[in-house]
There are 2 protein chains.
Amino acid sequence: MSSSNAIGDSTVIQQRNLVEQVADYLTQAIISQKFAPGERLSEVQLARDLGVSRAPVREAARLLESRGLLVSQPRRGFFVRALDAAELNDIFDLRLCLERHAMARLVGDFDADKEGALRRQVEVMCEVAAGDNESRKIEEDLVFHRMVIAFAGNRRLLKAFDDITHELRLCIALIGKTHADPDSISTSHWLLLDALASGEPGRCREAIDYHIGVARDYVVQGIGETVA
Amino acid sequence: MSSSNAIGDSTVIQQRNLVEQVADYLTQAIISQKFAPGERLSEVQLARDLGVSRAPVREAARLLESRGLLVSQPRRGFFVRALDAAELNDIFDLRLCLERHAMARLVGDFDADKEGALRRQVEVMCEVAAGDNESRKIEEDLVFHRMVIAFAGNRRLLKAFDDITHELRLCIALIGKTHADPDSISTSHWLLLDALASGEPGRCREAIDYHIGVARDYVVQGIGETVA
DNA sequence: GTTCGCCAAACTGTCGACAGTCGACAGATT
DNA sequence: AATCTGTCGACTGTCGACAGTTTGGCGAAC
């Protein structure tokens with residue numbers, strides 16, 4: 001495995017699709033704010049920097065466009081997606097829509113296996129929350145929510161969630177920090193688990209509404225500070 | 001000036017790039033069953049047939065992949081998406097999830113303008129339902145549901161709906177016919193309108209659950225007959 | 001008759017190149 | 001001084017070509 005930050009250092013990269021590698025590089029660069037929101041990306045320059053031709057760069061860019069990390073203007077090229085407060089609200093509203101549905105579907109056939117798996121994941125999140133690896137916290141959080149949706153049994157629903165996952169990473173990265181309080185994260189997720197274990201759809205809905213609402217308010221407030 | 005970027009009244013100079021044209025061609029070919037589900041598509045052959053090079057064909061294929069009309073296997077190429085009953089169920093379940101949410105959001109600020117627009121669309125659907133242009137029926141139906149979601153005011157939600165729209169067209173085309181009874185279509189949509197106009201979230205949910213449920217059962221049953 | 005291995009054909013992944021188009025800048029004009 | 005216009009540079013859209021891989025068929029071995 002070669003270094004992850006640069007693709008075309010000195011060794012030529014093989015085997016894995018160039019498209020995927022370029023896509024990973026671009027994703028990382030966008031998430032880590034190496035490219036500013038709204039910045040224009042030149043295909044030729046990217047190809048030069050990464051030591052590949054324009055074809056894989058174009059395909060990777062199109063892939064990231066479909067994931068909402070880039071936007072393209074005809075004959076002008078690709079730009080890093082810039083999110084405003086309204087778009088952010090929409091994303092979290094859609095997330096709420098998907099997770100509500102998943103919780104409702106899941107509470108119907110919740111069992112010990114699923115509960116155990118989710119419980120272990122929350123424990124992992126608690127461990128990570130103590131440290132200062134911010135991106136790891138985000139990823140483990142997303143893993144939990146993805147598990148909930150996966151357990152709901154609708155693969156197309158899971159795909160829809162994966163689609164907005166990249167946008168979630170982007171907007172969380174934009175405000176530069178996760179939830180301030182580590183305890184609040186864990187308790188919030190324990191509440192989701194309790195609601196599922198209770199078997200009551202009403203409690204599930206309350207729990208997920210509260211959970212997503214807090215996350216949305218936090219991010220929207222954060223983006224407001226960033227802009228202002 | 002009334003038309004600064006237009007020549008004449010409605011003729012806008014727009015040179016559609018080859019990618020879009022190829023994408024449209026492929027979409028039409030897939031929807032109209034010109035390509036069988038699961039069939040492998042050769043980039044070179046498509047390029048030859050369409051008189052273009054492989055680059056636009058590849059990009060168009062990638063676009064259709066992101067829309068769920070094609071699937072790609074590394075180093076093997078693109079295949080026409082084949083849907084089974086389970087995937088079909090998942091798609092309609094996700095559609096229900098999205099439309100429920102949109103109805104709930106929309107019923108909050110439903111007004112005469114929106115009601116009028118939706119009413120006119122249903123009337124268009126009634127006119128079309130009398131004829132035998134099947135694809136037109138499907139399109140006008142989708143227009144109605146898209147309007148509902150657009151009126152809900154969440155653009156990301158609308159994008160999620162647009163994403164599954166292509167898959168909906170595909171699976172409706174697979175069973176080869178729309179709802180048998182023209183009257184049932186119109187009444188079913190009038191019910192949705194009445195529910196929205198009533199302002200009661202409960203009635204909205206009932207109406208959309210019934211509406212999508214009927215459509216799903218119809219399609220799932222249809223695909224069962226096709227396979228069996 | 002079946003299975004394995006090899007070979008040729010076709011295909012995908014990637015590359016470099018060309019042409020048309022867009023935006024910026026300098027010069028001309030009012 | 002401000003605006004219009006012509007030119008220039010850079011970039012995207014598209015193309016044809018090459019290399020490595022996959023595929024399907026044919027023949028040999030069991």
Side-chain angles (χ1 to χ4, degrees), chain A residues 2 6-27 29-30 35-36 38-66 69-82, chain B residues 1 3-7 11-27 29-30 35-36 38-66 69-82:
Chain A
S2 58
I7 286 189
D9 259 334
S10 53
T11 24
V12 193
I13 12 79
Q14 247 68 345
Q15 208 53 22
R16 241 181 105 216
N17 255 351
L18 283 185
V19 176
E20 275 186 45
Q21 297 187 44
V22 175
D24 285 350
Y25 170 83
L26 287 178
T27 302
I30 293 172
F35 299 139
E39 181 177 343
R40 178 178 178 174
L41 300 184
S42 163
E43 293 177 7
V44 279
Q45 187 166 345
L46 281 175
R48 241 193 331 253
D49 293 347
L50 300 178
V52 298
S53 81
R54 278 177 55 216
V57 172
R58 269 179 80 89
E59 284 200 31
R62 275 272 154 77
L63 186 63
L64 266 67
E65 183 189 12
S66 74
L69 294 183
L70 294 177
V71 292
S72 76
Q73 292 182 25
R75 309 228 169 242
R76 295 224 33 200
F78 294 92
F79 300 79
V80 178
R81 172 93 177 272
Chain B
M1 282 303 198
S3 55
S4 58
N5 58 350
I7 294 180
T11 313
V12 204
I13 298 287
Q14 52 176 7
Q15 38 188 351
R16 288 159 44 70
N17 49 5
L18 287 183
V19 176
E20 274 185 47
Q21 296 186 49
V22 175
D24 285 350
Y25 168 83
L26 288 178
T27 302
I30 294 172
F35 299 139
E39 181 177 343
R40 179 177 179 173
L41 300 184
S42 162
E43 293 177 8
V44 281
Q45 187 167 345
L46 281 174
R48 244 194 327 255
D49 293 348
L50 299 178
V52 298
S53 78
R54 279 177 53 215
V57 172
R58 271 180 79 89
E59 283 200 34
R62 275 271 154 76
L63 185 64
L64 266 67
E65 183 189 12
S66 75
L69 294 183
L70 294 177
V71 291
S72 76
Q73 293 182 23
R75 306 211 171 261
R76 296 215 36 209
F78 294 92
F79 300 79
V80 177
R81 172 94 177 269

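Proteins come first, then strands; the chains are lettered A, B, ... in the order of their sequence lines, and each starts at number 1.
Of the listed nucleotides (D:dT21, D:dT12, D:dA17), D:dA17 has the atom at the smallest distance from the side chain of B:R54. Listed candidates were D:dG13, D:dC15, D:dT12. Nearest to the side chain of B:P56 is D:dC15. Counting only heavy atoms from C-beta on, B:Q45 has its side chain closest to C:dC11 among C:dC11, D:dT14, C:dG13.
The salt bridge (charged side-chain N to carboxylate O under 4.0 Å, His left out) search around B:E20 returns B:R16, not counting sequence neighbours.
Contact annotation for B:L46: no contact, since no heavy-atom pair falls under 4.0 Å across all strands.
Within the 4.5 Å cutoff, no side-chain heavy atoms of A:R81 are placed close to those of A:E65. In this structure, B:Q73 and B:F78 have side chains that are not in contact, with every pair of non-hydrogen atoms separated by 4.5 Å or more. Looking only at side-chain heavy atoms (C-beta outward), B:L41 and B:F79 stay at 4.5 Å or farther from each other. The side-chain heavy atoms of A:L26 and A:F35, taken from C-beta on, include a pair separated by under 4.5 Å.
As rounded to whole Å, 7 Å separates atom C1' of D:dT12 from atom CZ of A:R75. Nucleotide D:dT12 holds its C1' atom 13 Å from the CD atom of A:Q73, rounded to whole Å. Between the CG atom of B:L50 and the P atom of D:dG16 there is a distance of 14 Å, rounded to whole Å. Across the protein-nucleic acid pair, A:F78 atom CZ and D:dT12 atom C1' stand 10 Å apart, rounded to whole Å. As a whole-Å value, the separation of B:E65 CD from C:dT12 P is 13 Å. Distance CZ (B:R40) to C1' (D:dT22): 7 Å, rounded to an integer number of Å. Atom CD of A:E43 is separated from atom C1' of C:dG16 by 14 Å (rounded to the nearest Å). Counting to the nearest Å, the P atom of D:dC11 and the CZ atom of A:F79 are 12 Å from each other.
End-to-end axis angle for the helix from C:dG1-D:dC30 to C:dT30-D:dA1, using five pairs per end and rounding to 10°, comes out at 10°.
Taking for each of B:V52 and A:R76 the nucleotide of DNA chain D with the nearest heavy atom, the 5'-most of the two is the partner of A:R76. Each of B:G77 and A:S53 was assigned the nucleotide of DNA chain C with the nearest heavy atom; the assignment lying further toward the 5' end belongs to B:G77.
With B:R40 contributing its side chain and B:R76 its backbone, the two residues share a donor-acceptor pair below 3.5 Å. Of the possible donor and acceptor atoms, one in the side chain of A:E39 sits under 3.5 Å from a partner among the backbone N and O of A:A36.
Phosphate proximity of C:dT12 to B:R58: absent, as no side-chain N or O sits under 4.0 Å from OP1 or OP2.
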